[in-house]
Amino acid sequence: MTAQSPPDRPVRARRQVSLLTETALLAASITVTGAVKLPGLLPGTEFQLSAPLAVAICAVFGFSQYILAGMISSIAGLILGTQNLLNVGIALVFRLSAGSLLAVFSTAWPVVTIAGPVGSTVARLSLSLILEQATLPLVIAALPGMVYTALTAWPLTLLLRRVLNQARRVTDYVIQR
């Protein structure tokens, strides 16, 4: 005898497939938006669109799925040649910082709003340690992106929650039929 009854197996299998599909789509979204950068007024102040999306993904899908999607995205970036090990390391610092903040302090709008800027600041601090450069100029260069992230992370979180709820309702309806 198995611990699961036969009717539970299809439900569990569907959830595993759903989780796998969601994670792959999230990783692809992070990868694509990471390749898009909005130019800043000064050199070095460009803004990566993946930062607010990453914060929103963590807030909606949870820390573990976010980290897994981020790691898959980083591996894809390495394979495609759009990232190097330094980029991956800095992205990991951002993910761990912003994600830990959301995991510990909840996903309320003030936390979602500051998670990106905090993650960016910690990532710039680690970059300054790796490159043995002054921290302040690196953080100042990232300020426009931090503002963009703070302004867009919460609306993206609301949008992702709505999409996820709608997708789950559709899935439940299809399964019931």
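Not measured: the values here are computed from a predicted model. Note: hydrogens, waters and symmetry copies are ignored here, and every other heavy atom, side chains too, is used.
Contact between S106 and V111 at its shortest, heavy atoms only, is O-CG1, 3.3 Å. Closest approach of F63 to A103, counting heavy atoms only: CB-CB, 4.2 Å. Residue A59 comes nearest to R161 through the heavy atom pair O-NH2, 4.2 Å, listed as atom of the first residue, atom of the second, then distance.
Remark: the T33 side chain and the S50 side chain contain no N/O donor-acceptor pair separated by less than 3.5 Å. Between the side chains of Q133 and S128, no donor-acceptor pair is found at a separation under 3.5 Å.
Residue-environment remark: CZ (R162) stays at or below the threshold of 12 foreign heavy atoms within 6.0 Å. Applying the 6.0 Å contact sphere to CG of L85 captures no more than 12 heavy atoms from other residues, nucleotides or ligands.
Of the listed residues (V55, V60, L53), just one forms a side-chain contact (heavy atoms from CB on, under 4.5 Å) with I57, and that residue is L53.
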Q: Begin with the C-alpha distance, continue with both residues' side-chain angles, and end with the deciding distance and a verdict on side-chain contact (heavy atoms from CB on, under 4.5 Å) for I75 and I79.
A: CA-CA 6 Å; I75 291 168; I79 291 170; 3.8 Å; yes
Criterion side chain to side chain donor-acceptor pair (under 3.5 Å) on S100 and R95, from CA distance to verdict
CA-CA 8 Å; S100 297; R95 289 182 187 120; over 6 Å; no
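Side-chain contact check for F94 versus T121: every heavy-atom pair is 4.5 Å or farther apart. Side-chain contact between L92 and S74 is absent, with no heavy-atom pair separated by less than 4.5 Å. Using a 4.5 Å heavy-atom cutoff, the side chains of L26 and Y66 are not in contact.
Hydrophobic clustering keeps L96 apart from L127 (ILVMFWY residues linked when any side-chain heavy atoms are closer than 4.5 Å, directly or through intermediates).
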